[in-house]
Amino acid sequence: MMFNRIALGLAAGLCLSLAACGGGAPDDNGTTLNRGNRIEPLSLDPDLAQISDERTIVSDLFVGLYEPAADAQPVLALASSAEVSDGGLVWTFTLRDDALWSDGVQITADDVVYGLQRALDPLTGNQYAAPLLFLLNAQDIYEGRAAVDTLGARVIDAQTVELTLVYPAPYLPTVLMYYGQPVPRHAIEAHGDMWVRPENMVTSGPYRLAEWRSNNYIHLVANPYFYDAADVCLTDVYYYPTVNTAAAERRVRTGELDLNVDFASSNTAFLMERHPELVQSVPGFVNRTIEFNVTAPPFDNADVRRALSLAIDRRFITAEVLGGFDAPAWRLVAAGVHGRLDWPRLDYADMPMDERRAEARRLLEGAGFGPDNPLVFEFDYQPAASWPRIVPVIQQDWMTIAPWVQVEVITSDSQIHYDSMRGGDFQVSTSGWTPDFNDPYGVLLQYETRAGEINYTRWIDPAYDALTDAALNTPVEAEHNALLAEAEQYILDQTPVIPVFFEANRQLVSPRVTGWVANPSRINQSRWLCLADAETAAE
């Protein structure tokens, strides 16, 4: 059953999903897209949105000097050109003449500098500024030791901005797609924290925020002031928080949703048999991990951490539990990341499981555990990313080491889960990481001392920091890559984190959606999408 956007707006306050109302997708001459997006965002402020599903929506609302193309590779956006100095430490950007905010105000170099300064200003409350620390003085600003106006970002004239780096960062375009995006100073100063409300938000991207019905939907409408507005097909985009993956799958199959950015691994065989036309899956960059809080016993002991890593049967998990799309993780950096060398690897990857369990028991006994001193701990997980199916298997793997290994599993909502990890309120916890730029450092930076709260493990090792610093400060790409590979092997050997599996990007996408390009980064801006109905009507 089809109904229009007015009907949807009237019904939104009465039901939590289209299915609950008994209706179908909004109808606007085939130019309305209904997207399932896994979570209810906490924020759509570009400097406060942390989780990838929040940033998916933000990328429809805001663009940076670069934006992701349909295949997620960086292309110039607000900038019309970029020049890089010899040595790669100075980048000069010229802005597009037609770069406008959604209220028609010109976007200037001042906005670019303000956006970068705000992202690093401690008063903003940005919990994740690590990708921007290549900018001159960024680290001191973020840690409150320097004023924001000392940042290596300078206005040359209204249309020209210069960025100065402390080390070469050839991956800078992939960072500026998402971090330090220009934000509208005039709207923020006028409305304060309320600038993100639909009636106040001013955007730079292909869409603007029309409605946000909490735990129901977020409605975006096309931004007529966007520089490429003429080539944006979809007039309306609805994002639905599809926390219940099984329900979201049904809604895609029945046409209530045009796509959902996940499906349960347990349903892989069913979907491939019954609805292969919907299934989109490619290897992904996301590494699903288990992190230890190393600040307190027993996980301040590397032997205890190694024992638990040894005992996990990754091949069984990926082949039998997850259905075969995902890959066992013997390292932290996924295949396909630019500059990744082949050799970092867990040293026991090819050891038979019975030998690994025996070694795990020996290590725990050497650490003082046994029948009279059992190893007892809590294992926290979030009900997402296949963890509900995997965690009981891992729990059993650990308890198989010896009867005196006792594991209590605890679950909480993803937002609460990660808040607890940032606060250090956990012992062992599931996690996941997508590199925010296409370089191994985009993964390894989270375990540096300077990473702060995003280093959930609290693991600090000067030798590791020295390796990543040396990698950043060499202009020779081969040396950069080799040093990062050495750093990756070092952290694998120390085991503050257990890599478990590389998650395939699973999506269900209706054949009526055109322009969809499955990619390892799981980035699919709505601006590149269209619907078959709309394309037919335009012919």
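These figures come from a predicted structure and were not determined experimentally.
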(request) Mind running side chain to side chain donor-acceptor pair (under 3.5 Å) on Asp47 and Tyr179 for me, showing each step along the way? (result) CA-CA 7 Å; Asp47 295 324; Tyr179 296 95; over 6 Å; no
(request) Compare all side-chain heavy atoms of Val279 with those of Met272 and state whether any distance is below 4.5 angstrom. (result) yes
(message) Is a donor from one side chain sitting under 3.5 angstrom from an acceptor on the other, for Asp436 and Tyr128?
(response) yes
(message) With rounding to the nearest 0.5 angstrom, report the CG to CG distance, Leu133 to Leu135.
(response) 8.5 Å
(request) For the pair Asp347 and Arg306, find out whether any cationic side-chain nitrogen is under 4.0 Å from an anionic carboxylate oxygen. (result) yes
(request) Looking only at non-hydrogen atoms, find the nearest pair between Pro520 and Val282 and report the distance. (result) N-CG2, 4.1 Å
(request) Spell out, as yes or no, whether a donor-acceptor pair under 3.5 Å connects the side chain of Arg305 to the backbone of Thr495. (result) yes
(request) Verify the distance criterion only: is there a donor paired with an acceptor across the side chains of Ser526 and Arg35 at less than 3.5 Å? (result) yes
(request) Using atom types as modelled and distance alone, determine if a side-chain donor or acceptor of Arg314 lies under 3.5 Å from a backbone N or O of Ala329. (result) yes
(message) Could you tell me if Thr457 and Asn455 have a donor-acceptor pair between their side chains, going purely by distance under 3.5 Å?
(response) yes
(request) On the 0 to 90° scale, with breaks at 30° and 60°, tag the Tyr418-Tyr456 ring pair as parallel, tilted or perpendicular. (result) tilted
(request) Check whether any side-chain heavy atom of Phe379 lies under 4.5 Å from a side-chain heavy atom of Ser429, and answer yes or no. (result) no
(request) Considering only NZ, NE, NH1 and NH2 on the basic side and carboxylate oxygens on the acidic side, decide whether Asp350 and Arg315 come within less than 4.0 Å. (result) yes
(request) Say whether, by atom type as modelled, one donor and one acceptor occur between the side chain of Asn519 and the main chain of Ile523 under 3.5 angstrom. (result) yes
(request) With rounding to the nearest 0.5 Å, note down the distance linking CD in Glu408 to CD in Glu378. (result) 5.0 Å
(request) Decide yes or no for Leu89 and Pro168: does some side-chain heavy atom of the first lie under 4.5 Å from some side-chain heavy atom of the second? (result) yes
(request) Just jot down the side chain to side chain donor-acceptor pair (under 3.5 Å) partners of His338, sequence neighbours excluded, or say none. (result) Glu477
(request) Evaluate the criterion ring-ring contact (aromatic ring centres under 6.0 Å, His included) for residue pair Phe292 and Trp459; output intermediate values, then yes/no. (result) CA-CA 9 Å; Phe292 296 106; Trp459 178 71; over 10 Å; no
(request) Check Trp91 against Pro173 and note the closest heavy-atom contact, atom names and distance. (result) CH2-CD, 3.9 Å
(request) Determine, for Arg362 against Glu365, whether the closest basic-nitrogen to carboxylate-oxygen distance falls under 4.0 angstrom. (result) no
(request) Considering non-hydrogen atoms only, spot the tightest contact between Pro131 and Val175 and give its length. (result) O-CG1, 3.6 Å
(request) Output yes when a side-chain donor or acceptor of Asn373 lies under 3.5 Å from a complementary backbone atom of Gly368, and no otherwise. (result) yes
(request) Give the intermediate values and the outcome of ring-ring contact (aromatic ring centres under 6.0 Å, His included) for residues Phe377 and Trp398. (result) CA-CA 11 Å; Phe377 62 92; Trp398 288 338; 5.5 Å; yes
(message) Would you say the ring centers of Phe285 and Trp433 fall short of 6.0 Å from each other?
(response) no
(request) Show the numbers, then the answer: is there a side chain to side chain contact (heavy atoms under 4.5 Å, CB included) between Leu484 and Leu444? (result) CA-CA 8 Å; Leu484 288 179; Leu444 301 177; 4.1 Å; yes
(request) Output yes when Asp469 and Arg450 qualify as a salt bridge under the 4.0 Å nitrogen-oxygen rule, no when they do not. (result) yes
(request) For residues Leu259 and Leu508, determine if any side-chain heavy atom of one lies less than 4.5 Å from a side-chain heavy atom of the other. (result) no
(message) Would the distance check show the side chain of Asp53 and the main-chain N or O of Ile39 forming a donor-acceptor pair, the cut-off being under 3.5 Å?
(response) no
(message) My understanding is that only one of Asp45, Asn126, Thr124 makes a side-chain hydrogen bond (donor to acceptor under 3.5 Å, both in side chains) with Arg118; could you say which?
(response) Asp45
(request) Using the side-chain contact (heavy atoms from CB on, under 4.5 Å) rule, pick out the option among Leu78, Val113, Thr92 that qualifies with Val161. (result) Val113
(message) With side chain to side chain donor-acceptor pair (under 3.5 Å) as the criterion, how do Asp326 and Thr318 come out once you've worked through the C-alpha distance, each side chain's angles and the decisive distance to 0.1 Å?
(response) CA-CA 6 Å; Asp326 306 282; Thr318 53; over 6 Å; no
(message) As an exercise, state the distance from CG of Asn287 to OG1 of Thr289, rounded to the nearest 0.5 Å.
(response) 6.0 Å
(message) Would you compute the distance between atom CD1 of Ile460 and atom OH of Tyr447 and round it to the nearest 0.5 angstrom?
(response) 14.5 Å
(request) Determine the sole option in Asp413, Thr411, Thr430 for which the side-chain hydrogen bond (donor to acceptor under 3.5 Å, both in side chains) test with Gln382 is passed. (result) Thr430
(request) For residues Leu116 and Leu132, determine if any side-chain heavy atom of one lies less than 4.5 Å from a side-chain heavy atom of the other. (result) yes
(request) Apply side chain to side chain contact (heavy atoms under 4.5 Å, CB included) to Val90 and Leu165, showing your working. (result) CA-CA 6 Å; Val90 179; Leu165 283 54; over 6 Å; no
(request) Please report the shortest heavy-atom distance between Ala518 and Gln280, naming the atom on each side. (result) CB-OE1, 3.8 Å
(request) Nearest 0.5 Å please: distance from the OH atom of Tyr464 over to the CD atom of Glu488. (result) 8.5 Å
(request) Check Thr468 against Tyr441 and note the closest heavy-atom contact, atom names and distance. (result) CB-CE1, 4.2 Å
(request) Check whether any side-chain heavy atom of Ser81 lies under 4.5 Å from a side-chain heavy atom of Phe93, and answer yes or no. (result) no
(request) Rounded to the nearest 0.5 Å, what's the gap from CD on Gln181 to OH on Tyr66? Could you check? (result) 14.0 Å
(message) Quick one, Trp516 and Gln507 - any side-chain contact, counting heavy atoms below 4.5 Å?
(response) yes
(request) Provide the closest heavy-atom pair for Thr174 versus Asn438 in the form atom of the first, atom of the second, distance. (result) OG1-N, 3.4 Å
(message) According to side chain to side chain donor-acceptor pair (under 3.5 Å), who are the partners of Asp303, at least two apart in sequence or on a separate chain?
(response) none
(message) Looking at Arg506 and Glu249, is there a salt bridge between them, counting it only when a charged N and a carboxylate O are closer than 4.0 Å?
(response) no
(request) Could you tell me whether Asp354 atom CG has more than 12 heavy atoms of other residues or ligands within 6.0 Å of it? (result) yes
(request) Flag the pair Arg422 and Asp419 as a salt bridge only when some basic side-chain nitrogen lies within less than 4.0 angstrom of an acidic carboxylate oxygen. (result) yes
(request) Check the pair Thr245 / Asp262 against side chain to side chain donor-acceptor pair (under 3.5 Å), numbers first and verdict last. (result) CA-CA 7 Å; Thr245 304; Asp262 199 6; 4.5 Å; no
(request) Decide, yes or no, whether a salt bridge links Arg356 with Asp397 under the criterion of side-chain N to carboxylate O below 4.0 Å. (result) no
(request) Taking Arg288 for its side chain and Phe502 for its backbone only, find out whether a donor-acceptor pair lies under 3.5 Å. (result) no
(request) Kindly write out the residues that satisfy ring-ring contact (aromatic ring centres under 6.0 Å, His included) with Tyr171, not counting sequence neighbours, or none if the list is empty. (result) Phe437
